[in-house]
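Note sheet for the following structure.
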Number of protein chains: 2
Amino acid sequence: MNVRLMNSNEKIAAVLASTLKLIQTNGFHGTPMSKIAQDSDVAIGTIYHYFPSKDDLIFALFKHCRTLLNDYIFDGIKDDFDYKDSFIHIWRNFVKFYLENGHIFSFFEQFFSSPYYEKNKAEIQEPVGGQNKVVDFLQEGIDRKILKQVDVHLLVASYIGVALSTVHSIKFKDLKFSEQNVEDLIGIIWDGAINREKNN
Amino acid sequence: MNVRLMNSNEKIAAVLASTLKLIQTNGFHGTPMSKIAQDSDVAIGTIYHYFPSKDDLIFALFKHCRTLLNDYIFDGIKDDFDYKDSFIHIWRNFVKFYLENGHIFSFFEQFFSSPYYEKNKAEIQEPVGGQNKVVDFLQEGIDRKILKQVDVHLLVASYIGVALSTVHSIKFKDLKFSEQNVEDLIGIIWDGAINREKNN
DNA sequence: TGCAACCGAATGAACGTTCGATTGATGAAT
DNA sequence: ATTCATCAATCGAACGTTCATTCGGTTGCA
């Protein structure tokens, strides 16, 4: 796919937007190319002009959404934030992003649990991806002895796992979204993550 | 579906087993009835004799797997366990179950992120399901002031979210499965969950 | 004039489901 | 003891639909 065209062309944007929208409601395989064409007002032939196959379209959509997420979660980190402030800010952004972009959350949930993801894992894991920025951030906390002295991937799993599970619960009505609840959750993951030898 | 027949008939068991197996590799929609019939050595017509549709088959498989999970995670809880022991034991069982039954984990991930789940949510949420046993167990910890005084669903989201995220990471090789890592993870979620006013 | 962008009817494969036929076990009737 | 009727269990070819993809053609810019 030609990235320049994808960005400059409204048709491509419309196709991606429609695909995202339709997948939330109808799922991966309940979203035929014909409906994408119809919803986006772009002819099937034109879609195939830009995306060699439906898989390529899904893949491009994934990369597009991942970029949005990565740009979002590290946004607004001030230089004068101490580590804990950043820890909280990033986590909050993470949850906020998914709540504000429910269609992306749905898409990611489906994408990551599909065998499609498993097949393309190698290509998906970027050397400088957003997930890795989270890894780097948490590793910094470990190195500075602020966080527990454990394998960073355990902290990543906890940090992200709680966020995803929270969004899922909110989406499916187990959980009410309120400022109090978000603060309580942050209390839970912060207390879990910090190095209790060094902090209160 | 007739439960008595499902349990007594080897064909039904074979169909469910094949479906589970094929879904892990090929996914929900990459598993046609024809392949299930072929793999399980049961004729398509016979499958439709027991399951009115493919959706019903998937649904029955879901209920079957959920029963297996629920039976597993609360197994081995001794009466002389104190609350923390039980908290850890159940969490450990949760992770162990999914690691030992990777095909069920795959199936659940796909099932819960599919629009299919969203459609049937009402029917899926049992009054006395296993997820609710976890809710009850964590609520007990709140009532006894052992856990944080927060909405129980926040603790459920954390408890389960970390477990799922952990299994996912192990499955996709970010994380090595070792006793040390499991102990560190338990440290993280326990520290996160406990009421720090009352505990050390 | 050339070439990329664009179009959508047509194609062929794959899928969920149906249905008419066959088997075999059960038990009532003779 | 034998026959027969019944019906659930079994089977898989066939049906109709849906879908991803193709392709021959048109448009419009450079």
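Predicted, not measured: the structure shown is a model, and the values here were computed from it.
- One can place CZ of Phe51(A) at 13 Å from P of dA5(C), the figure rounded to the nearest angstrom.
- With rounding to whole Å, Asp56(B) atom CG is found 13 Å from dG16(C) atom C1'.
- Atom CG of Leu22(B) and atom P of dC15(C) are 12 Å apart (whole Å).
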Sugar-phosphate or base contact per nucleotide [nucleotides 19-26 of chain D; S, B, -; heavy atom under 4.0 Å]: SSBB----

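- Counting to the nearest Å, the P atom of dA5(C) and the CD1 atom of Ile12(A) are 9 Å from each other.
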CA sep, side-chain torsions, deciding dist, call: Thr67(B), Asn70(B), side chain to side chain donor-acceptor pair (under 3.5 Å): CA-CA 5 Å; Thr67(B) 300; Asn70(B) 290 340; 5.9 Å; no

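- Aromatic rings from Phe28(B) and His29(A) are positioned such that their centres are separated by 6.0 Å or more.
- Between Tyr117(A) and Phe172(B), the gap from one ring centroid to the other is short of 6.0 Å.
- The side chain of His49(B) lies closest to dA8(D) when the candidates are dC6(C), dG12(D), dA8(D).
- Using a 4.0 Å cut-off between a side-chain N of Lys or Arg and a carboxylate O of Asp or Glu, Lys148(B) and Asp184(A) do not qualify as a salt bridge.
- Between Thr46(A) and dA5(C) there is no side-chain N or O to OP1 or OP2 distance below 4.0 Å.
- Glu10(B) places its CD atom 14 Å from the C1' atom of dA9(D), with the value rounded to the nearest Å.
- The six-membered or imidazole ring of Phe105(A) lies away from that of Phe97(A), with a centre-to-centre distance of 6.0 Å or more.
- Between Lys11(B) and dA8(D) there is no side-chain N or O to OP1 or OP2 distance below 4.0 Å.
- Aromatic rings from Phe62(B) and Phe108(B) are positioned such that their centres are separated by under 6.0 Å.
- Computed from coordinates, the Ile36(B) CD1 to dT17(C) C1' distance equals 13 Å when rounded to whole Å.
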